[in-house]
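Notes follow once the structure below has been shown.
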Amino acid sequence: MQIPFDQLSDDALQGLLEEFVTREGMDYGYTLLSLEEKVAQVREQLTRGDVVIYFDPVLQSCNLMRRDEARRRER
């Protein structure tokens, strides 16, 4: 199920974004970006609606994913 990002506290959202962008294997191209820059990019994607927060009730965990992927999972 999708969780609206604006329903999370600022601290919870920041923690989720930081955890997401620091995972191994994240590809940001050839440019080295700071943690703050990576978080800002993902936050902008959330604001635009390109990315959503998805809660998996089976795994009891949250993840960020593209909106179209979340919609496929909810069918």
Practice prompt. Determine which pairs satisfy side chain to side chain donor-acceptor pair (under 3.5 Å) with at least one residue from residues 49-61, sequence neighbours left out, and list them in order.
Written response: Arg48-Asp50

Worksheet item: So which heavy atom on Leu46 is nearest to which on Val51, and how close?
Response: CD2-O, 3.3 Å

Item to complete: Please name all residues satisfying side-chain hydrogen bond (donor to acceptor under 3.5 Å, both in side chains) with Gln2, sequence neighbours left out, ordered by chain then number.
Response: Arg67

Practice prompt. Could you please spell out the steps behind the side chain to side chain contact (heavy atoms under 4.5 Å, CB included) verdict for Lys38 and Thr22?
Written response: CA-CA 9 Å; Lys38 292 174 187 178; Thr22 58; over 6 Å; no

Worksheet item: With sequence neighbours excluded, what pairs up with Ala12 under the side-chain contact (heavy atoms from CB on, under 4.5 Å) test?
Response: Leu8, Ser9

Practice prompt. Might you confirm whether atom CG of Asp10 has over 12 heavy atoms from other residues, nucleotides or ligands at distances under 6.0 Å?
Written response: no

Worksheet item: Side-chain contact, heavy-atom cut-off 4.5 Å: Leu17 with Leu64?
Response: yes

Worksheet entry | Phe5 and Leu16: CA distance, side-chain angles, deciding distance, side chain to side chain contact (heavy atoms under 4.5 Å, CB included) verdict | CA-CA 10 Å; Phe5 73 91; Leu16 181 64; over 6 Å; no

Fill in: Pair Ser34, Glu37: side-chain N/O donor-acceptor within cut-off below 3.5 Å
yes

Worksheet item: Is it true that Met1 and Leu13 fall in one hydrophobic cluster, defined by side-chain heavy atoms closer than 4.5 Å?
Response: yes

Worksheet item: Which value, rounded to the nearest 0.5 Å, describes the distance between Asn63 atom CG and Glu19 atom CD?
Response: 7.5 Å

Worksheet item: For Asp68, which residues count as a side-chain contact (heavy atoms from CB on, under 4.5 Å) partner, sequence neighbours excluded?
Response: Arg66, Arg72

Worksheet item: Would you say the side chain of Ile3 lies within less than 4.5 Å of the side chain of Val52, judging by non-hydrogen atoms?
Response: no

Item to complete: For Arg43, check side-chain hydrogen bond (donor to acceptor under 3.5 Å, both in side chains) against everything at least two apart and list the hits.
Response: Gln14

Fill in: salt bridge (charged side-chain N to carboxylate O under 4.0 Å, His left out) partners for Glu18, two or more places apart
none

